[in-house]
Amino acid sequence: MNARDILDKLVAFPTVSRDSNLELVDWVEAYLADHGVTARRVWTEDRQKAALYANIGPEVEGGIVLSGHTDVVPVDGQDWDTDPFTVVEKDGKLYGRGTCDMKGFDAIALAAVPLALERRVKRPLQIALSYDEEIGCTGAPPMIDDMAGHLPRASAAIIGEPSMMQAVTGHKGTFGYWANFRGFEVHSSLMHRGVSAIMEAGRLIEWANRMNDENRTKPPSEIAAMFDPPWTTVHVGEIHGGTAHNITARDARVQIEVRAVPDETLESWDAALKSEIARIEAGMRAVHPDAGIALEPMFDVPGLQPEAEGRAEELVRRITGDNGSHVVSYGTEAGQFQERGYSAVICGPGDIAQAHQPNEYLTVAQFEAGQRFVTQVIDRLCA
Ligand SMILES: [Zn+2]
């Protein structure tokens, strides 16, 4: 099977993040087994999904990980001209959900398996396919932890998110919460005896505004300066609450998200947020002891730090000849590999602008560029 055959196969599994990916995983496992490669699964607790990884070649250190995710975003409400779960080639473009983000790269990595075996690589090719990337990169961490216990350590991890085959060496880290405010209801004419969840939530929003104002006036660090915008942002994306104009709101929910430049830690931002929550909550409790704020974690994805002389970056630059410095504003699994000690870089076919869109596509030219790239990765593993 060539990369295109594999892509057709992978896209045909409608692995939207909310659904199981096991049919795809079964297929990939069987494909690898046909080549004599034993893969290992890392299951979710409910066993509805699994990540899959494998070592191709000798069990020695110094290999290269090609990392992708198996899940795709939904097509609900999107106007597609073709069946999203069938690859349709037209005018040099491969249409289909996930062709760009990122089953194209997955297919290229899998198609390289027979080549790696045939060429008898001296250091292993490692393939790592996660789940639930699209809902907050929650599938990769247990997979990477499991790899550490079962595979010889690779010297570089290439995360094949669409980057137009450029070396992307940094992205912001991000985390988000639902902040659930519980107030105390009284008639609004006596609002001093009640706690308005809405008005208390407003204090948190005001904190977000203040942080943004402060952050944008600080001179950016060298790393921060690569980003647009070159500062950490605090955003409130949703707010719900209240029942009537004359009742202090009992409930309000606010969705708050921090996107931190990679040289500011998510831990310090998390601590800053929690201390503000504690401050607001103390004021609420002073009025009524049942009032308070419960934080519900939504996602937590570490940033990718540009590495000083990183091996992954160097490898990608040598192969692609790309010497520009690129960072992206979306989170990926690259930061999670890096956090666990891998030298990590993002490099994959396709343009992120086509990801998640109706009529998502990957150009044939990018698909082929990706295949040439992985062939050269295998050359390096033979050297
Ligand atoms: Zn992706």
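Order of listing sets the numbers, starting from 1, for every ligand and every atom in it.
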Shell check on the Zn ion (ligand 1): protein N, O or S atoms less than 2.8 Å away are His69 NE2, Asp101 OD1, Glu161 OE1, Glu161 OE2

Donor-acceptor list for residues 134-142 side chains, cut-off 3.5 Å, not counting sequence neighbours:
| from | atom 1 | to | atom 2 | distance (Å) |
| --- | --- | --- | --- | --- |
| Glu134 | OE1 | His356 | NE2 | 3.0 |
| Glu134 | OE2 | His356 | NE2 | 3.3 |

- Six-ring centre of Tyr342, Arg153 cation under 6.0 angstrom, axis tolerance 45°: yes

(request) Please say whether more than 12 non-hydrogen atoms of neighbouring residues, nucleotides or ligands are located less than 6.0 Å from CZ in Arg40. (result) yes

Quiz item: In terms of side-chain geometry, is the basic nitrogen of Arg318 or Glu314 positioned less than 4.0 Å from the acidic oxygen of its partner?
Solution: yes

Run the side-chain donor-acceptor check on residues 283-293: report pairs under 3.5 Å with partners two or more places apart or on a different chain.
| from | atom 1 | to | atom 2 | distance (Å) |
| --- | --- | --- | --- | --- |
| Arg285 | NE | Ala291 | O | 2.8 |
| Arg285 | NH2 | Glu281 | OE2 | 3.4 |
| His288 | ND1 | Asp290 | N | 3.1 |

Report all side-chain donor-acceptor pairs from residues 104-122 shorter than 3.5 Å, counting only partners two or more places apart or in another chain.
| from | atom 1 | to | atom 2 | distance (Å) |
| --- | --- | --- | --- | --- |
| Arg119 | NH1 | Asp379 | OD1 | 2.7 |
| Arg119 | NH2 | Asp379 | OD1 | 3.3 |
| Lys122 | NZ | Cys382 | O | 3.2 |

